[in-house]
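Since the structure comes first, as structure tokens, the remarks are kept for the end.
A, B, ... follow the sequence lines: proteins, then strands. Residue 1 opens every chain. Just so we're clear, the structure is a prediction, and the values are computed from it rather than from any experiment.
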Amino acid sequence: MTRHSGRGFACINYPIGMNLGGDPAQALVHSTPDGKFMVTLSAIDLGQGMKSVTRQIAAEALGVPLADVYVDTADSDTGPHDMGSFASRGTHRVGNAVIRAASEARAQMMEAAAEELEVSAQDLDTDGAGNIHVKGAPSRQITVADTAIAAQFKQGRTLSGRGIFLIEPSGVDPDTGEMSPVTTYAHAALIVDLDVDDETGEVEVTQINSAYEVGRALNPKLVEQQLIGGAWMGVSHALYETTEPYYPDRSHGPEDFNTYLMPGPGEIVPHDIAVLERPAADAPYGGKGPGEMCANPVLPAVANAVYNAVGVRVDKLPITPEKILRGIRTNGGARPGPRRPGV
Amino acid sequence: MPKTPLAFTLNDAETGIFVDDGQNLLEALRRGAGDLSPKYGCGQGTCGACTVLIDGVPHLSCLTLAEAVAGRRMDTTAGLAEGAELHPLQRAFMEGFAAQCGYCTPGMLMAAKALLAANPRPSREEVIEAISGNLCRCTGYEPIVTAILEAAAKLQGRAA
């Protein structure tokens, strides 16, 4: 038995969101009488951080403290319409809708504050700490809370905003099939190092190094968390997971977590990530969001690394020991690819 | 169906509920005692989301007969915090971003609590071993392992 090491590389252009029906997202923002703001969405936080990021975006656009913003998500009975949490669209599509809704609410807030301070709304600014002041004269100010109270009980005005983000729908060219699927792309490059045992066909991934370009990382810790967890899922898709191991034959499919293979904590792969920030013009504060692409480059990189290790090109996922051993047998033995010196 | 009275200690509180014959502990805790912190994942003892401590030892509550815990002491994630003060494990999970969807988190916390009670200074390998019965789909496990080691260090610092 010999363990052969291999290295594989993959890079991707990753479309953020989709174009079906213009991929709309809506957001509603309103103030409570104590000067807090509620953001109502139907977009869903699956754990990827939708609530945290839309909260940040709303606070930034409103000019109020993060602690004064609440996000209510995922009730499609009562919330405004949203296409959903998929296609890595959350930060970009929903974030843009939130900016629009929050900007409208901010304009009303500034009008209400202007009435209280007896100045023009154009002369006012927020300090991000819960106060609205006259530009150049910070002492002439009113708190957001007092503004909301005045709007509610004195002026009879709501501080609220509506936002929708809709991209220009792109039809499919009937001759070429060409269409513009998205408005912006994120990018990634990823290197996988692994060992393949030529007797058992087993693969052990030993190191992942990656670079991701996600626009501005609106919440760097959430971005990193998603990239680490997503790469794990990519390894799992590449090497373990399938519901139909002999597709289209349905037999021998897993029926539960005992037989549906996933790597456990014993198979943690060290992963070094570099996040490159290139804010996108049409993205909320430049953030495109990582989304599904945190898993995507791992699969081709693993396939390339297996080829590099033993010379077997597996083109059906997952890359199981069985497929590798069959490939080695067909080739008449393991055929390790070229190595760079020192690798 | 006749119900059976069942008394046990849940997070330091004397608790009495009625259970159906053959009811599992997870259902008894969630429906009977109203403790929703243990989660129903697979219902067959593979995912670890339902992990609770019985007399300090981690058990899969979905595979435990409710009547088997009569008179025993149980700990769940709902009892980890002291008032508003989070347990060091909870704090480490939060600060280390060791949860995404959060469904595995109560089971992970219970497995970790049992580990640190038995072994206050675990190695990385011992942490991995302790949570090897718990599946997580989001994090890739690394942040969870790191958080448990962080909490162990914090608890050691407090004890010293």
If the threshold is 4.0 Å, N to carboxylate O, is there a salt bridge linking A:D195 and A:R3? yes
Is any NZ, NE, NH1 or NH2 atom of the basic residue among A:K36 and A:D68 found under 4.0 Å from an Asp or Glu carboxylate oxygen of the other? yes
Exactly one candidate in A:V94, A:L41, A:I44 meets side chain to side chain contact (heavy atoms under 4.5 Å, CB included) with A:D82; the answer is A:V94
Could you look at A:I228 and say if it's the side chain, the backbone, both or neither that has a heavy atom under 4.5 Å from chain B? both
Please classify the contact between A:P270 and chain B as side chain, backbone, both or neither, with a heavy-atom cut-off of under 4.5 Å. neither
With a 4.5 Å cut-off on heavy-atom pairs, point out which of B:P143, B:G102, B:A99 contacts chain A the most. B:A99
A:Y285 side chain reached by A:E60 side chain, heavy atoms, under 4.5 Å: yes
Does any part of the side chain of A:E204, heavy atoms only, come nearer than 4.5 Å to the side chain of A:L194, both counted from C-beta? no
Of all the heavy-atom pairs spanning A:P290 and A:L227, show the shortest one and how long it is. CB-CD2, 3.9 Å
Closest non-hydrogen atom pair between A:I268 and A:P265, with its separation: CG1-O, 3.1 Å
Can you name the residues of residues 24-37 of chain B that have some heavy atom under 4.5 Å away from a heavy atom in chain A? none
Counting only non-hydrogen atoms closer than 4.5 Å, does B:L135 touch chain A with its backbone (N, CA, C, O), its side chain (CB onward), both, or neither? side chain
Give, for atom CG of A:L218 and atom NE2 of A:H92, the distance between the pair rounded to the nearest 0.5 Å. 11.0 Å
